[in-house]
Amino acid sequence: MEVIEAVNDLRKIIKEYKKQGETIGFVPTMGFLHNGHLSLMNRAKQETSIVVASIFVNPTQFGPNEDFESYPRDMERDKRLCEENGVDILFIPTVEEMYPDGYSTFVEVAGDLTRQLCGRTRPGHFRGVTTIVAKLFHMTTPDSAYFGKKDAQQVIVIEKMVRDLNMDITIVPCPIIREADGLAMSSRNAYLSPEDRKNARILSRSLFDAIAKIQEGERDPVMTKRLLTEKINSVNQAQIDYVEVVNGKTLQSIPRIEGDVLIALAVKFGKTRLIDNVDVSV
Ligand code: PAF
């Protein structure tokens, strides 16, 4: 595995591989890798000949009072995991490399897609995500890029950016990877106290209960939201940011549960904000 810090070096090596007819699969991450990330690398390895992963904690997607400084980092462990999971090139730029002094260009998917759900409590977050992902796409010129569906809204926003900017890249959304008790894997799970970690099981449990009710015939999004909200609120320490039942493509609210539906939530346990979702096709 080659570990690269400079954009120019990355471009050179990728150009060489492309000349030889290799296909590039790209897995962008912010590090502190878990099995969710590793599943993306493994999928990329199956579908493309050269896997490029990046580790970059991107300051522009964090709000002023968010966890940029404290975001968990462990580069030595991450390098080892990348190597063990088939990554050929690991790109680990510095903040100065990605945002040199005077940097002033941003990529923004405007409108409801970025204003709903996480966009409501994290204004500017998706602008930071699309800016860094667009930059990384230009640098790695991948054939395919792999994203976890835990960040369902992020996937939808990136797909829209790729369509709107005519980027010749296939976005591959990959399944959520869960702990044995159902908690969706996330680097931020590392923040949870043992008690909050136990309480956080309510997220997947309430989502799975909602799916069961829909399978039994429930079609009312308001009732489904109520069921989820009551379940989550039964855990005293849980502070709901949002619980939404929306169209799985447009993220707009829906009058009835039918077609592609996304049930998504964000809940805080202490200072840790967790997100989770399920997609339902009725
Ligand atoms: O999902 C993430 O880890 C980040 O939002 C991403 C896509 C790597 C951009 O910084």
Side-chain angles (χ1 to χ4, degrees), residues 4 7 10 24-41 43-44 51-63 66-75 77-78 81-82 85 87 89-95 97-99 103 105-109 113-114 117-119 121-140 142 144-162 165 167 169-177 184-191 264 266 272-277:
I4 293 178
V7 176
L10 180 72
I24 308 292
F26 179 46
V27 182
T29 82
M30 297 208 299
F32 212 69
L33 303 176
H34 52 67
N35 286 343
H37 298 115
L38 306 185
S39 74
L40 306 180
M41 293 167 186
R43 175 86 178 261
V51 178
V52 181
S54 63
I55 296 178
F56 179 66
V57 185
N58 171 36
T60 63
Q61 70 188 77
F62 289 81
E66 294 185 351
D67 56 343
F68 172 67
E69 292 299 339
S70 60
Y71 195 84
R73 293 159 168 92
D74 188 343
M75 192 54 91
R77 180 176 168 275
D78 284 352
L81 288 171
C82 286
N85 285 274
V87 172
I89 302 171
L90 176 60
F91 181 49
I92 49 167
T94 59
V95 172
E97 183 75 358
M98 296 307 267
Y99 299 112
Y103 185 89
T105 302
F106 291 86
V107 177
E108 182 170 8
V109 172
L113 273 190
T114 52
L117 311 180
C118 288
T121 28
R122 303 189 72 189
H125 168 68
F126 289 110
R127 181 180 189 250
V129 169
T130 41
T131 298
I132 197 66
V133 171
K135 282 170 69 69
L136 289 165
F137 280 178
H138 284 304
M139 293 166 189
T140 51
S144 307
Y146 298 79
F147 293 87
K149 290 209 279 186
K150 183 177 71 68
D151 299 293
Q153 186 174 13
Q154 171 171 281
V155 175
I156 290 170
V157 168
I158 288 170
E159 285 174 331
K160 178 81 164 83
M161 173 187 79
V162 164
L165 296 181
M167 292 174 164
I169 300 169
T170 304
I171 300 300
V172 185
C174 299
I176 297 176
I177 305 294
M185 288 195 185
S186 162
S187 305
R188 289 192 169 96
N189 292 350
Y191 297 142
T272 308
R273 181 178 177 278
L274 300 180
I275 57 172
D276 198 353
N277 68 80

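For ligands, and for the atoms within them, numbers begin at 1 and follow the listed sequence. The analysis underlying the following values was restricted to heavy atoms, covering all of them including side chains, and did not include hydrogens, waters or symmetry mates.
Annotation: atom 10 (O) of ligand 1 to nearest protein heavy atom, Gln61 OE1, 2.6 Å. Protein heavy atom closest to atom 3 (O) of ligand 1, with residue, atom name and distance, is Met30 CG, 3.6 Å.
Annotation: Gln154 places an N or O atom under 3.5 Å from an N or O atom of ligand 1; distance criterion only.
Among all heavy-atom pairs drawn from Ser39 and Ile177, the shortest one is OG-CG1, 3.6 Å. The shortest heavy-atom contact between Ala190 and Phe32 is CB-CE2, 3.7 Å.
Annotation: cation-pi geometry not satisfied between Arg43 and Phe147 (NZ/CZ under 6.0 angstrom from ring centroid, within 45° of ring axis).
The structure places CE of Met139 at 12.5 Å from CD1 of Ile4, a figure rounded to the nearest 0.5 Å.
If you look at Ile158 next to ligand 1, there are no close heavy atoms at all, none under 4.0 Å.
You'll find the side chain of Phe137 reaches within 4.5 Å of the side chain of Met161, heavy atoms only.
Remark: ligand 1 atoms within the under-4.0 Å shell around heavy atoms of Ile132 are 9 (C), 10 (O).
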